[in-house]
Colleague: 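The structure's right below; bear with me while I get my questions together.
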Amino acid sequence: MRRNKVAVVTGATSGIGLATARALASAGTRVFLVGRDAGKVAAVARGLPRGRVAGTAVADLGSLDDLRALILEILALGHVDLLVHCAGEYDWTESGRFDPDSFARLFDVNVRAPYLLTQGLLVGLARARGQVVFVNSSVVKGTGQGVALYKATQHAVQGLTDGLRQDLNRRGIRVTSLYPGRTATPRMARIFRREGKRYRPSALMSAASVAQVVVTLATLPAGVEITDLHLRSPHPY
Ligand SMILES: NC(=O)c1ccc[n+]([C@@H]2O[C@H](COP(=O)([O-])OP(=O)(O)OC[C@H]3O[C@@H](n4cnc5c(N)ncnc54)[C@H](OP(=O)(O)O)[C@@H]3O)[C@@H](O)[C@H]2O)c1
């Protein structure tokens, strides 16, 4: 990547987003960090190489007010070369539980936020002939217990990505859906605990490996778009 490129990373305080922010910064990109916890965002920013922080913002992506403010802050940068949607929430689908709040929350954070952020940043992305990476999930391919709600949000994101593609392409913006399988992050540690399984991060992909794939996507030749990329660990767990 050229040195003056700007990448916006949501969920930059943990897991895949944190690793992505670090990897992009190490590759010479200036990174704009988005997180919901001011202390964590500041700590991540302090840990990045000097001169590689394009800015930071604290936003609850489930809040429309926060999203509007965030979009204005990022547009002030002038251009966005890369937007990586890593933030997301997870909830277990409990059989027989009537829980509209959880439903609304997951759709607001996992689906509405990346959609509105992409739309809101379109001008900046178009100016840079930029790229958008939606970090989706291998959950779209399989079945599983307790995953119905999360899986529904990821299918919705897949639909959004495919549906936005032509509109974005017309403005010179490339779009990729990245589908990691199980990756060693704080979220995955919680999921293993919940499933009653022993957590062995070494059997999973590391967040740093997934981040390296994002860096590779960001360095593709300009005339190439990878639409969908599925990643998995070759180790059994
Ligand atoms: N780990 C996996 O195996 C895996 C596999 C496939 C896909 N994915 C996808 O990869 C993405 C990252 O997952 P991860 O495992 O790295 O999760 P993680 O460690 O839980 O990190 C999630 C990030 O999103 C942020 N976030 C959550 N809710 C937010 C909100 N309402 N507003 C703003 N930020 C919010 C978190 O902030 P805090 O730090 O404040 O909590 C954190 O930075 C997710 O979209 C997930 O679906 C993960």
Side-chain angles (χ1 to χ4, degrees), residues 8-23 31-45 56-67 69-71 83-92 101-102 104-117 132-142 144 147 149-158 160-161 176-195 197 199-201 203-211 213-214 228-233 235 237:
V8 174
V9 180
T10 69
T13 52
S14 178
I16 295 171
L18 171 60
T20 299
R22 287 178 174 155
V31 184
F32 188 100
L33 306 165
V34 183
R36 61 178 164 179
D37 179 304
K40 285 192 197 176
V41 173
V44 175
T56 62
V58 177
D60 175 352
L61 296 179
S63 152
L64 286 176
D65 287 343
D66 284 12
L67 270 173
L70 177 64
I71 287 165
L83 169 60
V84 191
H85 295 293
C86 280
E89 296 195 9
Y90 187 90
D91 204 359
W92 283 268
D101 292 342
S102 167
R105 177 84 192 154
L106 247 70
F107 269 83
D108 286 354
V109 175
N110 293 4
V111 184
R112 186 177 71 177
Y115 171 69
L116 291 179
L117 202 51
V132 186
V133 176
F134 288 84
V135 178
N136 203 309
S137 167
S138 62
V139 77
V140 297
K141 287 210 292 192
V147 297
L149 179 51
Y150 171 62
K151 183 170 164 63
T153 64
Q154 301 313 110
H155 278 272
V157 171
Q158 186 175 37
L160 271 182
T161 312
T176 300
S177 286
L178 191 63
Y179 300 90
R182 291 196 152 190
T183 306
T185 68
R187 174 196 291 197
M188 198 39 64
R190 286 195 298 275
I191 291 175
F192 269 72
R193 242 190 338 267
R194 166 86 186 202
E195 291 175 343
K197 292 183 185 154
Y199 181 56
R200 286 187 304 121
L204 309 178
M205 285 187 295
S206 68
S209 322
V210 177
V213 174
V214 177
D228 300 271
L229 196 53
H230 294 266
L231 311 178
R232 67 187 291 275
S233 162
H235 305 298
Y237 56 81

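All residue numbers refer to positions in the sequence shown, counting from 1. Atoms within a ligand are numbered from 1 in the order they appear, just like the ligands themselves.
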Colleague: Could you check whether any side-chain heavy atom of Tyr199 comes within less than 4.5 Å of a side-chain heavy atom of Ile191, counting everything from C-beta outward?
Modeller: no

Colleague: So, regarding Tyr150 and ligand 1 (criterion: nitrogen or oxygen to nitrogen or oxygen, under 3.5 Å), is there a contact or not?
Modeller: yes

Colleague: Any atoms of ligand 1 less than 4.0 Å from a non-hydrogen atom of Ser137? List them with their elements.
Modeller: 6 (C), 7 (C)

Colleague: Should Leu178 and Val84 count as side-chain neighbours, where that means a heavy-atom distance under 4.5 Å?
Modeller: no

Colleague: How far is atom 25 (C) of ligand 1 from its nearest protein heavy atom, and which residue and atom is that?
Modeller: Gly11 CA, 3.9 Å

Colleague: Which ligand 1 atoms are under 4.0 Å away from a heavy-atom of Arg190?
Modeller: 20 (O)

Colleague: Test Tyr179 against Gln154 for side-chain hydrogen bond (donor to acceptor under 3.5 Å, both in side chains), laying out the working first.
Modeller: CA-CA 10 Å; Tyr179 300 90; Gln154 301 313 110; over 6 Å; no

Colleague: Would you confirm whether Lys151, through its side chain, and Val139, through its main-chain N or O, come within 3.5 Å as a donor-acceptor pair?
Modeller: yes

Colleague: Just by distance, do the side chain of Asn136 and the backbone of Ser177 share a donor-acceptor pair under 3.5 Å?
Modeller: no

Colleague: Do you know the tightest heavy-atom contact between Ser233 and Ala203?
Modeller: OG-O, 2.9 Å

Colleague: For ligand 1, which atoms, with element, lie under 4.0 Å from some heavy atom of Ile16?
Modeller: 10 (O), 16 (O), 48 (C)

Colleague: Can you tell me which residue and heavy atom of the protein come closest to atom 45 (O) of ligand 1, and the distance to 0.1 Å?
Modeller: Cys86 O, 3.4 Å

Colleague: Counting heavy atoms only, name the option from Ala59, Ala12, Ala87 that's nearest to atom 33 (C) of ligand 1.
Modeller: Ala59

Colleague: Considering non-hydrogen atoms of the protein only, which is the closest contact for atom 43 (O) of ligand 1, and what is the distance?
Modeller: Thr13 OG1, 2.7 Å

Colleague: Are any of the side-chain heavy atoms of Thr153 and Glu89 separated by less than 4.5 Å?
Modeller: no

Colleague: Under 3.5 Å between some N or O of ligand 1 and some N or O of Ser14?
Modeller: yes

Colleague: Answer whether the closest heavy-atom distance between the side chains of Leu204 and Thr183 falls below 4.5 Å.
Modeller: no

Colleague: For Asp108, is the nearest heavy atom under 4.0 Å from an atom of ligand 1?
Modeller: no

Colleague: Is there at least one pair of N or O atoms, one from Arg36 and one from ligand 1, spaced under 3.5 Å apart?
Modeller: yes

Colleague: Would you indicate whether the side-chain heavy atoms of Met205 and Pro180 approach each other to under 4.5 Å?
Modeller: yes

Colleague: Report the nearest protein non-hydrogen atom to atom 6 (C) of ligand 1: residue, atom name, distance rounded to 0.1 Å.
Modeller: Pro180 O, 3.1 Å

Colleague: Please work out which of Gly88, Ala38, Gly62 has its closest non-hydrogen atom nearest to atom 27 (C) of ligand 1.
Modeller: Gly88

Colleague: Compare every heavy atom of Val31 with every heavy atom of Ala21, then report the nearest pair and how far apart it is.
Modeller: O-CG2, 3.7 Å

Colleague: Under 4.0 Å from a heavy atom of Lys40: give me the atoms of ligand 1 that qualify, with their elements.
Modeller: 38 (P), 39 (O), 40 (O), 41 (O)

Colleague: So with a 6.0 Å cut-off around CZ of Phe107, is the heavy-atom count from everything else above 12?
Modeller: yes

Colleague: List every atom of ligand 1 that sits less than 4.0 Å from any heavy atom of Pro186, numbering the atoms from 1 in the order shown and giving each element.
Modeller: 19 (O)

Colleague: Note the single closest protein heavy atom to atom 15 (O) of ligand 1, along with its residue, its atom name and the distance in Å.
Modeller: Thr185 OG1, 2.6 Å

Colleague: What do we get for Arg105 next to ligand 1 when only non-hydrogen atoms under 4.0 Å count, side chain, backbone, both or neither?
Modeller: side chain

Colleague: What atoms of ligand 1 come within less than 4.0 Å of a heavy atom belonging to Gly15?
Modeller: 16 (O), 19 (O)

Colleague: Answer yes or no: is there a side-chain heavy-atom contact under 4.5 Å between His85 and Val132?
Modeller: yes

Colleague: Return yes or no for this condition: an N or O of Val109 is under 3.5 Å from an N or O of ligand 1.
Modeller: no

Colleague: Can you sort out which atoms of ligand 1 are near Thr183, meaning under 4.0 Å from one of its heavy atoms?
Modeller: 1 (N), 2 (C), 3 (O)

Colleague: Taking the side chain as every heavy atom from C-beta outward, state whether Leu116 and Leu64 have any pair of such atoms under 4.5 Å apart.
Modeller: yes

Colleague: For atom 5 (C) of ligand 1, what's the nearest protein heavy atom and its distance?
Modeller: Gly181 O, 3.3 Å

Colleague: Can you report which non-hydrogen protein atom sits closest to atom 7 (C) of ligand 1, along with the distance?
Modeller: Asn136 O, 3.0 Å

Colleague: Is Arg187 touching ligand 1 with its side chain, its backbone, both, or neither, if touching means heavy atoms under 4.0 Å apart?
Modeller: both

Colleague: Between Thr10 (side chain only) and Cys86 (backbone N and O only), is there a donor and an acceptor less than 3.5 Å apart?
Modeller: yes

Colleague: Test your reading of the structure: does Gln154 have an N or O sitting under 3.5 Å from an N or O of ligand 1?
Modeller: no

Colleague: Answer yes or no: is there a side-chain heavy-atom contact under 4.5 Å between His230 and Lys141?
Modeller: yes

Colleague: Need the ligand 1 atom indices (1-based, order shown) with element for anything under 4.0 Å from a heavy-atom of Leu61.
Modeller: 30 (C), 31 (N), 32 (N), 33 (C)

